[in-house]
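The structure appears below as C-alpha cells.
Both counts, for ligands and for their atoms, begin at 1 and track the order of listing. Only a predicted model underlies this, so the values are computations on that prediction, with no experimental measurement involved.
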Amino acid sequence: MTAGASPQEAWHTLVPMETTASVRKAFGLEDKVAIVTGAGSGIGRASAEVLAASGAAVYCADIRATTAEETAAAIAKEGGEAHACPVDVADREAVDALVRDVVAASGRLDVMCNIAGMMLESSILDLAVEDLDEIMSVNFKGVLFGCQSAGRVMVDQRSGSIVNMASAAALAPTPMVGPYAITKSAVIQLTRSMAVEVGRRGVRVNAVAPGFVPTNMTGRYYVREDGTVDEEMKEKVLEPMRRFAPLRRVGEPADIAYCVLYLASDASSFLTGQLLSPNGGVAAH
Ligand SMILES: NC(=O)c1ccc[n+]([C@@H]2O[C@H](COP(=O)([O-])OP(=O)(O)OC[C@H]3O[C@@H](n4cnc5c(N)ncnc54)[C@H](O)[C@@H]3O)[C@@H](O)[C@H]2O)c1
C-alpha cells in the first residue's frame with residue numbers, strides 16, 4: 001500500500017483504468033490476421049466484412065471461388081484488406097494448405113472462423129448414408145479440419161481465437177432438421193472439448209448458435225427455382241418466427257457477425273468453450 005493511502009485508494013491502484021484507447025483496442029482487430037470460411041455468402045460474408053472493418057486482414061475462403069472473390073473485392077473497395085481463397089472445407093489437405101499459405105503470406109494467424117455449412121432436410125428415419133456422409137463432411141469435419149489446422153499454428157504462437165458456427169437447431173429439435181442439428185451438436189461438443197485442451201496454451205475456442213437468419217441457405221423455403229423470391233411464402237415462413245421471438249424479429253447476418261467479432265477480439269479474452277446464442281431471445285421461452 002502507498003504510504004499514507006487509505007485501503008480504498010490502494011485498491012483502486014490495483015485495477016487499471018479503462019480508456020477510450022483500451023476499449024477500442026480490445027474490440028478492434030488491428031494487425032490481426034483472420035480466415036473466414038463460407039465467406040462468399042450470408043453470415044460468413046457479413047463476418048468477413050465486419051472483421052475487416054475492425055482492422056483485420058481477412059482471408060475469404062469459400063468453395064465457390066467467384067463469391068469469395070466478390071466478398072474480398074467488396075471489402076477492398078471499402079478500404080479493408082481481404083484475399084479470396086477457394087477451398088472445400090471438407091478436404092483436409094486443402095484446409096491445411098489454406099492455413100499454411102496464410103501463415104506464409106502474413107506470418108501469423110490470429111482468428112479462424114469456421115462458418116461454411118450446408119443444410120439437409122431429412123427425417124432421421126429416412127436419412128440416406130450418402131446424405132449423412134455429405135453433411136457430416138461439410139458441417140462437422142469441415143469445422144474440425146479448420147480447428148486442427150489453425151489450432152496447431154495458434155498453439156505454436158501461444159495465441160489465437162477460433163469461432164465455430166453452430167445453430168439454434170442443435171438446442172431445439174425440429175422435425176426434418178435432425179441430421180443438420182446432429183452435425184451442429186457435434187460442433188458444440190468439439191468447441192468445448194478443444195477449448196479445455198488448448199486453453200493453457202493461449203488459444204480460445206467458442207461457438208455461435210444463431211436463430212433464423214434469411215440467407216441463401218434459408219432462402220430455400222421461399223426462393224423459387226428461377227431464383228426469384230416468393231414474397232407471400234417468405235412472409236408465411238418469417239411471420240411465425242417473428243411472433244415467437246421475444247424481440248419480435250428474425251436475425252440479420254450482421255447480428256451474427258458482431259458476435260463473431262466479439263469472440264474473435266480480445267474483448268472476450270476470458271471466454272472459452274462457450275456458446276453465444278443470438279436468436280432474438282427465443283431460447284428464453
Ligand atoms: N441462416 C441461418 O438461419 C443459420 C442459422 C444457424 C446457423 N447457420 C449456420 O451459419 C453458417 C452460414 O450459413 P448461411 O445461412 O450464411 O448460409 P449461406 O448458404 O448463405 O452460406 C454458406 C456458405 O458456405 C459455403 N460452403 C458450403 N459448403 C462449403 C464447403 N464444403 N467448403 C467451403 N465453403 C462451403 C457456401 O458456398 C456459402 O457461401 C452455416 O454453418 C449455417 O449452418 C445459419
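Among residues at least two apart or in separate chains, salt bridge (Lys or Arg N to Asp or Glu O under 4.0 Å) pairs with a member in residues 30-52 are Lys32-Asp266, Arg45-Glu49.
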Between side-chain atoms of residues 109-117 and protein atoms elsewhere (two or more places apart, or another chain), which donor-acceptor pairs fall under 3.5 Å?
{"unit_1": "Asp110", "atom_1": "OD1", "unit_2": "Arg108", "atom_2": "NE", "d": "3.0"}
{"unit_1": "Asp110", "atom_1": "OD1", "unit_2": "Arg108", "atom_2": "NH2", "d": "2.6"}
{"unit_1": "Asp110", "atom_1": "OD2", "unit_2": "Val33", "atom_2": "N", "d": "2.8"}
{"unit_1": "Asp110", "atom_1": "OD2", "unit_2": "Arg108", "atom_2": "NE", "d": "3.1"}
{"unit_1": "Asn114", "atom_1": "ND2", "unit_2": "Asn164", "atom_2": "OD1", "d": "2.8"}

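Annotation for Met233: atom CE does not count as buried by contact number, only 12 or fewer foreign heavy atoms lying within 6.0 Å.
Scanning for side chain to side chain contact (heavy atoms under 4.5 Å, CB included) contacts around Ala84 gives Ala68, Glu69, Ala72, with sequence neighbours left out.
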For ligand 1, find each of its N or O atoms that sits under 3.5 Å from a protein N or O atom, and tabulate the pairs with distances to one decimal place.
{"unit_1": "ligand 1", "atom_1": "1 (N)", "unit_2": "Val213", "atom_2": "O", "d": "2.9"}
{"unit_1": "ligand 1", "atom_1": "1 (N)", "unit_2": "Thr215", "atom_2": "OG1", "d": "3.4"}
{"unit_1": "ligand 1", "atom_1": "3 (O)", "unit_2": "Val213", "atom_2": "N", "d": "2.7"}
{"unit_1": "ligand 1", "atom_1": "3 (O)", "unit_2": "Val213", "atom_2": "O", "d": "3.3"}
{"unit_1": "ligand 1", "atom_1": "15 (O)", "unit_2": "Thr215", "atom_2": "OG1", "d": "2.6"}
{"unit_1": "ligand 1", "atom_1": "16 (O)", "unit_2": "Ile43", "atom_2": "N", "d": "2.8"}
{"unit_1": "ligand 1", "atom_1": "19 (O)", "unit_2": "Met217", "atom_2": "N", "d": "3.4"}
{"unit_1": "ligand 1", "atom_1": "20 (O)", "unit_2": "Ser41", "atom_2": "OG", "d": "2.5"}
{"unit_1": "ligand 1", "atom_1": "31 (N)", "unit_2": "Asp88", "atom_2": "OD1", "d": "2.8"}
{"unit_1": "ligand 1", "atom_1": "32 (N)", "unit_2": "Val87", "atom_2": "O", "d": "3.4"}
{"unit_1": "ligand 1", "atom_1": "32 (N)", "unit_2": "Val89", "atom_2": "N", "d": "3.0"}
{"unit_1": "ligand 1", "atom_1": "34 (N)", "unit_2": "Ile63", "atom_2": "N", "d": "3.2"}
{"unit_1": "ligand 1", "atom_1": "37 (O)", "unit_2": "Asp62", "atom_2": "OD1", "d": "2.6"}
{"unit_1": "ligand 1", "atom_1": "39 (O)", "unit_2": "Asp62", "atom_2": "OD1", "d": "3.4"}
{"unit_1": "ligand 1", "atom_1": "39 (O)", "unit_2": "Asp62", "atom_2": "OD2", "d": "2.6"}
{"unit_1": "ligand 1", "atom_1": "41 (O)", "unit_2": "Ile115", "atom_2": "O", "d": "2.8"}
{"unit_1": "ligand 1", "atom_1": "41 (O)", "unit_2": "Lys184", "atom_2": "NZ", "d": "2.9"}
{"unit_1": "ligand 1", "atom_1": "43 (O)", "unit_2": "Tyr180", "atom_2": "OH", "d": "2.5"}
{"unit_1": "ligand 1", "atom_1": "43 (O)", "unit_2": "Lys184", "atom_2": "NZ", "d": "3.0"}

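A heavy-atom distance below 4.5 Å is found between the side chains of Arg220 and Met119. Ser185 places none of its side-chain heavy atoms less than 4.5 Å from the side chain of Ile182.
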